[in-house]
Amino acid sequence: VITDSKGKNYYVDAKGNVSGPFESAPGGKPTPENTDGVNKNGEATELTAEGVRVVFEKHTDTQFAFDQVAYNKELTSDYKKVGDAFVPFKAVPNGLTDKLWAKVTLSGTDVVADSVFFKTQNGIKVDAVKEGDHFVLTLKGAQKFALEEVQATIKQGDKYKIAGVFTMVHVSPKALKLSLVPTTGVSISDAKINEIKAVYKQLAIDVDVNVLPSFDISDYLVDGKIPTEDTFGDLSTYSEAQKAIINAYKLANNVEQAYYIFVTDKASSTGQSGYMKLNGQFGFVFDQNALTIAHELAHGAFKLEHPFK
């Protein structure tokens, strides 16, 4: 973030692309010198505001993903606790805006909600409109990809204090093609297609879903199941049976620049609901569930690993 002589802020990415200007918040960038409860990078380390707490929730107008981190442990290094709760994540696509509730709870008689304001760890003002006792935030995506904290802040005494925090995830809108290949006897409904698209729409990813003609895999079954392996492994390979199915499909069909998932009613020999190699073009879904299809696509299209590995 670059700040000009008039106090306006600009995001500059690694390729020199500039977005802005954005208005500075009171106090500017939070530092240990001007704000209790932040580190040298402006990130919150504890909630220090007295008599007031702010938590963040989805608004009725929230369009994109909000992850309240309903887990009891860190899944990756990006998950952190401030106080006794994990910091939630909120996706906002580059160039777009989204809404989020900031719910204020007062426990001090000398504290008023109107004194609370919102800014990023880079000191940029976050627009907030008070509705009743709470605020509706308008978040602006301004980078192709970045994690940036948004802090509920109040000035108490001669320093600013932290009343609540979440991480805004700037993401870039994307589009990808998904071809679903039902095996013999399986049908794929429009409702299932719409459910898959809705999952990815939360991250501004437009999935173009096509249902292709069915494909017979009966020659590759053993005792009525598809031989599989790597149940919770590194997602680096396919079983020999899966390789044979993929190769047979490629020989019989014109494979395009798209991701392909075989949707089958045949069980996996290892009890998997689905499988797709990391960065792979082909996947398998055994339970025919839309969320499983979306899950497996993430392994192939975005190389997302299981967070528990």
Side-chain angles (χ1 to χ4, degrees), residues 1-9 11 20-59 62 66-69 74 78-90 92 97-140 142 146-170:
V1 175
I2 295 176
T3 304
D4 67 16
S5 60
K6 296 180 180 179
K8 298 295 185 181
N9 301 283
Y11 290 101
F22 299 96
E23 186 179 346
S24 292
K29 178 181 172 65
T31 67
E33 289 71 35
N34 64 24
T35 305
D36 285 337
V38 301
N39 61 23
K40 63 181 182 180
N41 296 318
E43 300 164 331
T45 57
E46 59 180 316
L47 301 180
T48 52
E50 298 178 5
V52 57
R53 287 290 179 267
V54 179
V55 297
F56 301 93
E57 299 177 4
K58 288 180 70 171
H59 188 269
T62 296
F66 179 62
D67 179 7
Q68 291 185 289
V69 197
E74 294 183 14
D78 292 321
Y79 290 74
K80 74 169 190 177
K81 276 187 172 181
V82 173
D84 59 358
F86 283 108
V87 175
F89 293 88
K90 177 70 189 82
V92 187
T97 62
D98 205 6
K99 303 291 186 182
L100 193 66
W101 268 121
K103 298 290 185 76
V104 180
T105 300
L106 301 177
S107 58
T109 57
D110 57 345
V111 180
V112 294
D114 288 344
S115 300
V116 176
F117 64 95
F118 302 85
K119 65 179 175 179
T120 72
Q121 69 185 81
N122 293 302
I124 295 173
K125 177 185 176 182
V126 174
D127 291 337
V129 176
K130 196 156 184 288
E131 291 190 5
D133 295 328
H134 309 300
F135 294 88
V136 179
L137 308 186
T138 298
L139 308 173
K140 299 175 182 178
L147 302 179
E148 184 178 33
E149 281 192 2
V150 174
Q151 299 162 359
T153 306
I154 187 170
K155 191 166 189 182
Q156 295 178 324
D158 59 356
K159 296 186 77 173
Y160 294 99
K161 308 292 180 71
I162 304 298
V165 60
F166 70 92
T167 299
M168 180 164 59
V169 185
H170 300 263

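All values below were derived from every heavy atom in this structure, side-chain atoms included, with hydrogens, water molecules and symmetry-related copies excluded.
Taking CD1 of I124 as the reference point, atom CD of E148 lies at 5.5 Å (rounded to 0.5 Å). For the atom pair L100 CG and F135 CZ, the distance stands at 13.5 Å (nearest 0.5 Å). Note that the CD atom of Q151 and the CG atom of L47 stand 10.0 Å from one another [nearest 0.5 Å]. Here the CG atom belonging to D127 is positioned 9.5 Å from the CG atom belonging to L139, to the nearest 0.5 angstrom. Taken from CG in D36 to OG1 in T45, the straight-line distance is 9.0 Å, to the nearest 0.5 Å. Distance CD1/I154 to OG1/T35: 12.5 Å, rounded to 0.5 Å.
A donor-acceptor contact shorter than 3.5 Å links the side chain of H170 to the backbone of A142. The main-chain N or O of K29 is found under 3.5 Å from a side-chain atom of N34 such that the two form a donor-acceptor pair. Side chain of K161 to main chain of G37: no donor-acceptor pair is present (N/O by atom type, distance under 3.5 Å, no hydrogens or angles). At least one donor-acceptor pair under 3.5 Å links the side chain of T62 to the backbone N or O of K99. Remark: the backbone N or O of G28 is paired with a side-chain donor or acceptor of K119 at under 3.5 angstrom. At least one donor-acceptor pair closer than 3.5 Å links the side chain of Q156 to the backbone N or O of E50. In this structure a side-chain-to-backbone donor-acceptor pair under 3.5 Å is present from E149 to A44.
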For F66 and F56, run ring-ring contact (aromatic ring centres under 6.0 Å, His included): C-alpha distance rounded to whole Å, both residues' side-chain angles, the deciding distance at 0.1 Å, then the answer.
-> CA-CA 9 Å; F66 179 62; F56 301 93; 7.8 Å; no
message: Please evaluate residues T153 and I162 with respect to the criterion side chain to side chain contact (heavy atoms under 4.5 Å, CB included), reporting the C-alpha separation (whole Å), side-chain torsions for both, the decisive distance (0.1 Å), and the verdict.
response: CA-CA 5 Å; T153 306; I162 304 298; 4.3 Å; yes
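Ring orientation note: the planes of H134 and W101 are nearly perpendicular, at an angle over 60° on the 30°/60° scale.
Side-chain N/O atoms of Q121 and N41 include no donor and acceptor closer than 3.5 Å. A donor-acceptor contact closer than 3.5 angstrom is absent between the side chains of T3 and K8.
Few gaps surround NZ on K90; more than 12 heavy atoms of other groups in view lie less than 6.0 Å from it. More than 12 heavy atoms of other shown residues, nucleotides or ligands fall within 6.0 angstrom of atom NZ in K103.
Here the side chains of K58 and Q68 are not in contact, with every heavy-atom distance at 4.5 Å or above. Inter-residue side-chain proximity for V116 and F118 is flagged as met; some heavy-atom pair is nearer than 4.5 Å. Contact of the N122 side chain with the F22 side chain is not registered, since no non-hydrogen atoms from C-beta on lie closer than 4.5 Å.
Shortest non-hydrogen contact noted between P30 and V38 is C-CG2, 4.1 Å. For the pair T120 and V126, the tightest heavy-atom approach, listed with the atom from each and the gap, is CG2-CG2, 4.0 Å. Taking each heavy atom of L106 and A113 in turn, the nearest pair found is CD1-N, 4.0 Å.
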